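Only one structure is covered here, and it is reproduced in the block below.
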Protein chains: 2
Amino acid sequence: MLGFEHHDHHSCIRSGVAAAEAHCMAEGLQFTPVRRRVLEILLERHAALGAYDILDVLRDEGLGSQPPVAYRALDFLVSNGFAHKIERLNAFVACTHMGEDHNPAFLICRDCDAVAETQADTARGALAKAAGSTGFRVERLVVEAVGLCPRCQQVTPA
Amino acid sequence: MLGFEHHDHHSCIRSGVAAAEAHCMAEGLQFTPVRRRVLEILLERHAALGAYDILDVLRDEGLGSQPPVAYRALDFLVSNGFAHKIERLNAFVACTHMGEDHNPAFLICRDCDAVAETQADTARGALAKAAGSTGFRVERLVVEAVGLCPRCQQVTPA
DNA sequence: TGCGATTTGTTATAGTATAACATATCATCA
DNA sequence: TGATGATATGTTATACTATAACAAATCGCA
Ligand SMILES: [Zn+2]
Ligand SMILES: [Zn+2]
Ligand SMILES: [Zn+2]
Ligand SMILES: [Zn+2]
């Protein structure tokens, strides 16, 4: 899991983009400049970004200035598993398990909005079981934990 | 768990309101007409309702006509555990475990927006463990499963 | 009754997201 | 290569969700 710790962020961006590009190539999807750039922005910041934050960057770079441009790119990235939407924040993050089939769960710091992605396999199993007994069929699962990241626990104890 | 099945809805409304009222009495909280009515509306519909849906009802009944009226009542209900917010839908549902300390999880039908509340204890345990290893401290947990309810599986197979 | 705290009323505005349609680009094949 | 249908982008307008700020009313309690 990619958490709150340090890491080689430069290579993390490069490999993320590369994985997405490879996947698009393989699937015949168009990895257009806007889509690529939005993914890069998400990877660069490594945090939850609102659609309008992303749009601001795109606008500065002349890649688009209206909301639909950002939302469409984000829809593409989310649909193809390159990014996730954090419902709690109305924001988006790059996926840290590009291409792998996984059950993402997110740890969201209520102080600094940092987001870490981890796995929710156990949760999915338990939920699917409970749901199954009522006849409900689970298709997607949103798991978002809100709390304090290690960094903010020092600044804001209690 | 209160699922998608039939139940004595009339008594379900009454007991929900009664439980909230009792809790407010015990805690010295003001269970005002607007707050009571919003809880009743949520219990009556037994579905996820947007703040503006609720506001429409309040307006018809002369209980308030501006967004803050609905949002304040909802904040009160959510803060005190009488209702939950469904992040995925930007909507609210009455709690089905009034007063009990619990880890709610929701089963959301993507077709009819019906919502059932169940328990996410296993998920919470697993998440807290995974999070703990990174130093993250979980305070609240959002678990929302999106899929098809029994009813909609018949109408919309596949 | 008086006073501080809480709740409600109201206006205005901020923030998030999509509908609809015109234009441009891409992918393919005749 | 050049036509063509599909996909993606540009743009305008608007819908939906949520909160800030302040005034007025009400409540809880001394
Ligand atoms: Zn990184
Ligand atoms: Zn933090
Ligand atoms: Zn009921
Ligand atoms: Zn349904």
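All figures in this text were calculated on a predicted structure; none of them were measured in a lab. Order of the sequence lines fixes the chain letters, A, B, ..., with proteins taken first and strands second; residue numbering starts at 1 for each chain.
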Open item on the list: Would A:R36 and A:F31 count as a cation-pi pair here, with the cationic atom under 6.0 angstrom from the ring centre and within 45° of the axis?
Closed with: no
Task: salt_bridge(B:E144, B:R88) N-O dist < 4.0 Å - done: no
TODO: Would you kindly check whether a donor in the side chain of B:Y52 faces an acceptor in the base of D:dA15, or vice versa, at under 3.5 angstrom?
DONE: no
Task: Centroid-centroid under 6.0 Å between A:F106 and A:H84 rings - done: yes
Task: First encountered from the 5' end of DNA chain D, between B:Q30 and B:G50 - done: B:G50
Open item on the list: Just the rounded figure in Å: distance from C1' of D:dT7 to CZ of A:F31.
Closed with: 17 Å
Open item on the list: Between the side chains of B:E44 and B:R37, is the shortest nitrogen-to-carboxylate-oxygen separation below 4.0 Å, so that they form an ion pair?
Closed with: yes
- [ ] Using only side-chain N and O atoms of B:T32, determine if any of them is under 4.0 Å from OP1 or OP2 of C:dT8.
- [x] yes
- [ ] Specify the separation, in whole Å, of atom CZ of B:R36 and atom P of C:dT7.
- [x] 16 Å
Task: Atom pair distance, as rounded to whole Å: CG in B:L29 and C1' in D:dG28 - done: 13 Å
TODO: May I ask you to say whether B:D56 pairs ionically with B:R59, meaning some side-chain N is under 4.0 Å from a carboxylate O?
DONE: yes
Open item on the list: For DNA chain C, which residues of residues 65-90 of chain A approach it to below 4.0 angstrom with any heavy atom?
Closed with: A:P67, A:P68, A:Y71, A:R72, A:K85, A:N90
Open item on the list: Quick one, A:L39 and A:R35 - any side-chain contact, counting heavy atoms below 4.5 Å?
Closed with: no
Open item on the list: Using whole Å, what does the distance between atom C1' of nucleotide D:dC16 and atom CD1 of B:I54 come to?
Closed with: 15 Å
Task: Nearest-Å distance for atom pair CG/P, residues A:L55 and C:dG15 - done: 14 Å
- [ ] Quick one: label B:L58 by what it contacts on the DNA or RNA (base, sugar-phosphate, nothing), any heavy atom closer than 4.0 Å.
- [x] nothing
